[in-house]
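Scroll down for the structure; my scribbles are underneath it.
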2 protein chains.
Amino acid sequence: MQRRSKDTISLAILQTTEALAEKYGIEKISMHQIAQTAGIGQGTMYRRFVNKGALCMELMHEKFHLLSEHVAQIVKQPNTVEEKLIAILEEHVHFLECHVSFIETIHDAATCEGKKQTFYESQPYQLLHQIIRRLLEEAITTKKIKPIQTDFTAHTWIASINPKIYLYLRKEKRYSEQDVVAYFIQSFINPLFIK
Amino acid sequence: MQRRSKDTISLAILQTTEALAEKYGIEKISMHQIAQTAGIGQGTMYRRFVNKGALCMELMHEKFHLLSEHVAQIVKQPNTVEEKLIAILEEHVHFLECHVSFIETIHDAATCEGKKQTFYESQPYQLLHQIIRRLLEEAITTKKIKPIQTDFTAHTWIASINPKIYLYLRKEKRYSEQDVVAYFIQSFINPLFIK
DNA sequence: TTGACAAGCGGACAACTGTCCAGTATTATT
DNA sequence: AATAATACTGGACAGTTGTCCGCTTGTCAA
């Protein structure tokens, strides 16, 4: 059989996945199905993407990049730390709203046990975490908020709106995207900032 | 074959699971393996427990009950709302510390998609959520904190220390159980209470 | 007591993830 | 150009979860 280049194969996989995900939803399709549809073997599939999470991660690469650019923009603006944090929150929640299934898939695949990279060590997560942490630190040094453990706080902030709970709040509890943002500000951001 | 009563079978499954989990860790053993060791068929297994999560839930029943009794005790104590919330947090984190693998298994098995009960609709979760919500409401009516959406806040508080992030903070970030409690108080509880 | 009917059992099965390896295509060597 | 070394492929395979169904066991009415 004619051998294709690495890139050709990756591209074929990614395009096939995108098409199938569009049609059936990413959570409904299997690695096997993708491989078969793309006309490659199971082994080739897994050599390129260790699991569905990694595949989704690559599929989302573009979008993550866009998100991080937005966030970088926000940080550059001449606003208060509080305003920046709120803007990032809005951006983050909206991103979740648009791509829950994909993010959930990535989340699920990256188990803590297997030493394959955890979700928390992925570049997009680290980036978001770092930016929140830095803003919190800035808020502390400028006496806008009382000292807190910023690393911990950034992690738990992100965890508090993880894909699973977000879906529950949206679908079962019927909160809107805007509700989630507003309540988060009310409960987590406002109280920190001493008025 | 001699037919056993429902209870006998359930007991056999639970005991087998406990023994195997003790030996290999709950995350390493499969439903098939449990069924085989218990000397029953796959079908019987799944008729009694829809998945590993449900099995773990039943296995943890006793412990959940104990936890909820502790929490009930805490609520009854003649302390301030803030003190009660902190005591519950300590109890909750300690519970997580002791039973992470089981709770993670329950968490993972209860997917949002399949209409099988979600984790968030399980009795133990609902109970914990309700108690936190009520304490927050009490704090609002007694003017200890500014008004917030208590339902949302209780959900996100619990989500912020979910098993996955907890394991990450403990194992990778090397935070201690006490660190997690202390930082949570610092970042989420203290700021709410107006001094 | 017996026959019919309901309930429950357990293994076969289908679908999935992830690994492995025999064989084929490509590249390097002489 | 021939051959040896290397890299890559795809499908077979093992181990999972979860479902299904033929058969067995117990129950109840006549």
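Owing to the predicted nature of the structure, the values given are computational and were not obtained by experimental measurement. These numbers come from the heavy atoms of this one structure, side chains and all, not from hydrogens, waters or symmetry mates. Chain identifiers are assigned alphabetically (A, B, ...) following the order of the sequence lines, protein sequences preceding nucleic acid strands; residue numbering begins at 1 within each chain.
Across the interface with DNA chain C, nearest-nucleotide mapping of B:Gly41 and A:Lys52 shows B:Gly41 to be the residue nearer the 5′ end. Each of A:Gly43 and A:Ser30 was assigned the nucleotide of DNA chain C with the nearest heavy atom; the assignment lying further toward the 5' end belongs to A:Ser30.
Spacing between atom CG of A:Leu55 and atom P of C:dT17 amounts to 11 Å, rounded to whole angstrom units. Between the C1' atom of D:dT9 and the OH atom of A:Tyr46 lies a distance of 16 Å, rounded to the nearest Å. One atom, CZ of A:Arg47, and another, P of C:dC20, lie 13 Å apart when rounded to the nearest Å. We find that CE of B:Met45 is positioned 18 Å from C1' of C:dC13, with the value rounded to whole Å. Atom P of nucleotide C:dC13 and atom NE2 of B:His32 are separated by 14 Å, given to the nearest angstrom. The separation between B:Ile9 atom CD1 and D:dT24 atom C1' is 13 Å, rounded to whole Å. The interatomic distance linking A:Glu27 (CD) with C:dA15 (C1') rounds to 17 Å, in whole Å. Spacing between atom CD of A:Gln36 and atom C1' of D:dG10 amounts to 11 Å, rounded to whole angstrom units.
Using a cutoff of 4.0 Å between basic side-chain nitrogens and carboxylate oxygens, B:Lys164 and A:Asp108 are not scored as salt-bridged. Taking the charged nitrogens against the carboxylate oxygens, A:Arg133 and A:Glu137 do have a contact shorter than 4.0 Å, which makes a salt bridge.
Within the 4.0 angstrom heavy-atom criterion, no nucleotide atom of any strand lies near A:Ile34.
In this structure, the ring of B:Phe184 has its center no less than 6.0 angstrom from the ring center of A:Phe152.
The phosphate of C:dG10 (OP1 or OP2) has a side-chain N or O of B:Thr44 nearer than 4.0 angstrom.
Counting non-hydrogen atoms of other residues, nucleotides and ligands closer than 6.0 Å to CD of B:Glu62 gives a total of 12 or fewer.
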